[in-house]
Amino acid sequence: MVELVASLWGNLFQTLLLIGKKQKSLTGTHLASAIINGLKSCGINCEHLIGQGYDGASNMSGKYKGVQAIVRAEYSKAIYIHCAAHTLNLAVSNASNIQPIRNCLGIIEKLYDFFNTPKRNNVFLNCIENGNETPNAKSLKRLCATRWIQRYDAVSDFMELFPYVIDALYNISNWHDSSATDASLLSKSIDSEFIISLQVVKLLFSYGLPLCKQLQKIRIDLKEAVELSNDTVKHLESIRANAEKEFHKLFVQAETMALVFDLVLAVKRITKRQINRGNSCTDNARNFDVEEYYRITIFIPYLDFFISELTERFLSHKSIFNGFECLFSKHELTSKEENEFTELIRFYSPMVSNDSLVLVELKLWQSKIRRCEKIPNTRLEALDICNKDIYPNIYVLLKVLCTLPVSTSSPERMFSTLKRVKTYLRNTMSENRLNGLAMLAIHKNITIDPEEIPIRQKKYLHHDCLNLIADVEVKCYGEYGCFSVAGPWQDISSRPVNLFPERPDKIAPRYCLYTRNNRNACQYLNHKDRNSVIMSNMIPTLPTYFITHGFLEGGDRPWLKEIARQILRRYDANVIIIDWEQGSGSPYTQAVANIRMVGRITAHLINVIRTELGLNVANIHLIGHSLGSHLCGYVGSVLQTNFGVTVGRITGLDPAEPHFSQTDPMVRLDPSDAMYVDIIHTDSRPFIKGGELGLGMSAPIGHLDFYPNGGENQPGCNQGMMKYINRENGSFYQGMRRFLACDHVRAHEYFNESVNTVCNFVAIECDSYDEFLNGDCFSCLSDTNPEGKICAEMGMRSLGHWKKYAPTIASSIDPNASPHIRLYSLTNGDSPFCTYLYKVTLNLANSQLSKDHGGEVGHFLVQLEGTDSKSKLLNVFKEQHYKPGSIHRRVFGSTYVGTIKSVLLVWNHSTTMNILTWRFEAPVIYVESLTIETFNGGQKLKLCPPKLIALEAGLSFRMIPC
């Protein structure tokens, strides 16, 4: 989570960005890289970074290897400011290390824990009810574990309830159990030192509390933070100067408080050898003056530490503000202030002019402030009255001051909803119980029927809803066996909600058979009605395909019937559509559970077909989309476990990620579920990233895992929603779903086209998508090319390639490990999606002319011209800075053009907002040569411009064979 304060179109705005994915390492290097890359992915120019604010953790604030140091090494103006709220917290925490103060706070915490049980708390509440007065506080509060200053409320409430605490401890000490011993010990710990320390803590915390609250405000700025810390220190120094008088007030209050306990304030025994207690001598060494003793041993040391810590820890904030301070001053500049301001403008050059005119501008600005009825107190007030045309440099400096971070409280507050769980419940119940209650609260729409749920301990059934979740492990459904929600099926991080499947008669999956004898008329199969199988058009010697949908869909979806139609067009086969619409509805967690039941029912149907018709299970190909992918995995697993047979192939079309990522192979589709498992990943972004949803898995889970276009951000999926509404015959609901899940849907669209396409959906093994695009993997493994990569056609025809490479793969990996081969490819943005792969290498001239002109920012368009046709103008090389002599490689997809004869090259110049990069001459670029290659060692042609001339922006020239 990153809080961003920026200036856009002359206005300041503040927002929170969720950037980056979960980091495997929390070192400064990794976190700095994640922050910078995340900002860049949001389209933010990091060259304009002027400030960074974090807490004091070493990996964030480290001088050499912390995030701030690494970021500033790359962006020197991004000065680091330690979060002011954390600074205050550390100051108070360190000051409170004085032993009497630490002991006092520890006793308050012990008393809170002591009364935090029902039996003891009832005694405490009875004491309050039977008291002569009615206090505002009704219970003790826990001392805040993270924000020390906010312990003030707990201390204040404790002091108000102190008489009732004493009464409750006295009553409990008369019990005949361990509570009596604890109560007696706690009573003895409440002594003179405790009462004095309590008064001192309340006083000093009361001065820090306003500062703490102000530092956590969204609009706090550096000027306010420095002034508030200065004001707090001044008040504390005033108390220190009048320590005797101020402490006397506290001492009188302490004496009144001690009367409740029938205690006379006294000095502890003083010894020469005791070093863990205050042994300070007083002026009246013989008749130890109690007030003077505690003033010297507690009040003054704590006050001195408090002032010292606040002064030292806010010193860096003050030093940063020094140069800006003159922007709010009406008096003439001193030589010191002038030097500080000169250093400031030198640091922020070239954002502000680094010359004497800025000093003149500052004096004019100060004259304007002197004429104002009210001096601006904050940087926003100053910015509002600053005319950027008259005071351009002052305006920039004020914007910088507005942007500099002061506190990190805002992004931290995004996680504050955890307080709803971190309550009394967190401390009085087991983890399972807490999780169960949390799930019941979140999923209020799920009705729990006690009659359906077997309970291990039935005594909990009527008075403890939690055990309906915590104690249920197995539920059985007749012939389909029992289902567990324990073991690998339960995981706090990946499967926080784990339900049982619904009843088989409620899900009621239907199996619709199509063959070439009934292409348009469905025949329904039912494993409980064997005649439906025997009397069907099914031919057991033919290949059999099962196709199924995912969440919120049904068997009537057009894409299912289209794949069935394409298969029957290519093969004489049996095609069965699994329709489990009755179990695919919301909530998603229930649909996840239901596919386990559908998987078992489907396995029973296949077994009936096998026994009645003699179907060879090795000829079965299961095809599932999203949740349907894992459903197919369950079918394959049950067939092996219950019936001792293995299906031939499973194809997972963008298997669903939520509740399946990082789970045990038993829970999801994996290579052991069939002889061959191939996966097409099209929406493999993290499930929630920057407001976008990634619905598919990113991890490889098959024998061959295909990642078209890198597995995410499919071409053509950034078009308007109306296109999808029109595709769904005007249905707004279906069109909106298609629009939101476009990347996810592409998987079954690619597979559908692969069945009968004349184009080959060629994919290549590579370590990463970037390496694939850079052309590092562009030839196939063969006997004549042992350095090549595994190549396969994505979709229906991938099985033949697996059979070809399986022996090679098996010999190169651990025999106990499952092979996961990642293959990458490209597609078009619309149907037909299949494209031909080309690799282009662009060499920019390193001539003297090119060097003299320098680099340019822009992008190249390429048009292939072949014997058969021409391609479209393709945006091959993305916008970037092109330097003389640089070489650029890229793999791209295009229509087949035959033998390439020439290439039309177009260069478009891009103008940046940085005026330092503007030219006053025509933007041109010098190209030396361009090499084009077809995939896997086909044609390779080097092309050159007609002559070594500059290519002007917006124009083109035809590259011809050199």
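Start at 1 with the first residue, then count along the sequence.
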From CA spacing to verdict: side chain to side chain contact (heavy atoms under 4.5 Å, CB included), Met959, Val927: CA-CA 10 Å; Met959 307 284 289; Val927 177; 4.0 Å; yes

Start with the C-alpha gap between Ser626 and His744, add the side-chain angles, then the distance that decides, and say whether side chain to side chain donor-acceptor pair (under 3.5 Å) holds. CA-CA 8 Å; Ser626 192; His744 196 44; 2.9 Å; yes

Using the rule given for side chain to side chain donor-acceptor pair (under 3.5 Å), can you reason through Glu856 versus His909, listing the C-alpha separation, both sets of side-chain angles and the distance that settles it, and then say yes or no? CA-CA 7 Å; Glu856 289 283 5; His909 175 257; 3.3 Å; yes

Between Tyr824 and Leu773, does the side chain to side chain contact (heavy atoms under 4.5 Å, CB included) criterion hold? Intermediate values first, please. CA-CA 9 Å; Tyr824 297 91; Leu773 289 178; over 6 Å; no

Is there a side chain to side chain donor-acceptor pair (under 3.5 Å) between Asn752 and Gln566? Walk through the geometry before answering. CA-CA 7 Å; Asn752 178 62; Gln566 292 294 337; 4.8 Å; no

Could you go through the side chain to side chain donor-acceptor pair (under 3.5 Å) check for Thr29 and Thr27 one step at a time? CA-CA 5 Å; Thr29 303; Thr27 63; 4.8 Å; no

Evaluate side chain to side chain contact (heavy atoms under 4.5 Å, CB included) for Thr589 paired with His659, printing each intermediate quantity in order. CA-CA 8 Å; Thr589 49; His659 284 233; 3.4 Å; yes

Before you tell me yes or no, could you show the steps for Tyr634 and Ile595 under side chain to side chain contact (heavy atoms under 4.5 Å, CB included), namely the whole-Å CA-CA distance, both residues' side-chain angles and the distance that decides it to 0.1 Å? CA-CA 8 Å; Tyr634 294 148; Ile595 62 174; 3.4 Å; yes

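Rounding to the nearest 0.5 Å gives a distance of 10.0 Å between CG of Leu943 and CD of Glu865. How far CZ of Arg649 is from OG of Ser798: 4.0 Å, rounded to the nearest 0.5 Å. Asp868 CG to Thr899 OG1: the interatomic distance, rounded to the nearest 0.5 Å, is 7.5 Å. In this structure, the separation between CD on Glu765 and SG on Cys777 is 7.5 Å, given to the nearest 0.5 Å. How far OG of Ser825 is from CG of Asn760: 12.0 Å, rounded to the nearest 0.5 Å. Atoms CD1 and CD, on Ile36 and Glu74 in that order, are 6.0 Å from each other to the nearest 0.5 Å.
The existence of a salt bridge linking Asp767 and Arg822 is excluded, since no basic side-chain nitrogen approaches an acidic carboxylate oxygen closer than 4.0 Å. Of the charged side-chain nitrogens involved, none lies within less than 4.0 Å of a carboxylate oxygen, so that Asp670 and Arg668 do not count as a salt-bridged pair.
The aromatic rings of Phe877 and His888 stand perpendicular to each other, their planes meeting at an angle above 60°, with 30° marking the opposite boundary. The aromatic rings of Tyr571 and Tyr545 sit parallel, their planes meeting at an angle under 30°, below the 60° perpendicular limit. Using cut-offs of 30° and 60° for the angle between ring planes, the Tyr676 and Trp802 rings count as parallel. Phe860 and Tyr882 have perpendicular rings, their planes meeting at more than 60° on a 0 to 90° scale where under 30° would count as parallel. The aromatic rings of Tyr769 and Phe772 lie parallel to each other, their planes meeting at an angle below 30°, with 60° marking the opposite boundary.
Listed by chain and number, the residues in a side-chain contact (heavy atoms from CB on, under 4.5 Å) with Ile887 are Thr841, Asn843, Arg889 (sequence neighbours excluded).
Here the shortest heavy-atom pairing between Cys632 and Gly624 reads SG-N, 3.7 Å. Nearest heavy atoms, Thr663 versus Ser494: CG2-OG, 3.5 Å. Closest approach of Gln714 and Gly711 over heavy atoms only: NE2-C, 3.7 Å.
Two residues are said to be in side-chain contact when any heavy atoms from C-beta on lie closer than 4.5 Å; Lys839 and Phe935 fail this criterion. Ser869 places none of its side-chain heavy atoms less than 4.5 Å from the side chain of Tyr896. Using a 4.5 Å heavy-atom cutoff, the side chains of Glu553 and Leu560 are not in contact. You'll find the side chain of Ile35 stays beyond 4.5 Å of the side chain of Val71, heavy atoms only. Considering only heavy atoms from C-beta on, Asn713 comes within 4.5 Å of Arg685 through its side chain. A heavy-atom distance below 4.5 Å is not found between the side chains of Thr931 and Val840. In this structure, the side chains of Leu653 and Tyr750 stay at 4.5 Å or more apart for every pair of heavy atoms. Looking at His625 and His549, their side chains never come closer than 4.5 Å, going by heavy atoms from C-beta outward.
Side-chain atoms of Asn908 never come within 3.5 Å of backbone atoms of Gly858 as a donor-acceptor pair (strictly under, hydrogens ignored). A side-chain donor-acceptor contact under 3.5 Å links Ser754 to the backbone of Phe751. Between the side chain of Tyr707 and the backbone N or O of Ser698 there is at least one donor-acceptor pair closer than 3.5 Å. Between the side chain of Asn785 and the backbone N or O of Leu781 there is no donor-acceptor pair closer than 3.5 Å. Remark: the backbone N or O of Lys872 is not paired with any side-chain donor or acceptor of Gln863 at under 3.5 angstrom. A donor-acceptor pair under 3.5 Å is formed between the side chain of Gln939 and the backbone N or O of Ile900. Looking only at distances, a side-chain donor or acceptor of Ser886 sits under 3.5 Å from a matching main-chain atom of Lys883. The main-chain N or O of Pro715 is found under 3.5 Å from a side-chain atom of Arg746 such that the two form a donor-acceptor pair. In this structure, the side chain of Thr835 does not engage the main chain of Thr827 through any donor-acceptor pair within 3.5 Å. Asp743 places no side-chain N or O within donor-acceptor distance of the main-chain N or O of Thr682, the cut-off being under 3.5 Å.
If you check the side chains of His801 and Glu793, you find a donor sitting under 3.5 Å from an acceptor. Judged by distance alone, the side chains of Asn936 and Ser779 never bring a donor and an acceptor atom under 3.5 Å apart. Under the 3.5 Å distance criterion, with hydrogens and angles disregarded, a donor-acceptor pair is assigned to the side chains of His681 and Asp705.
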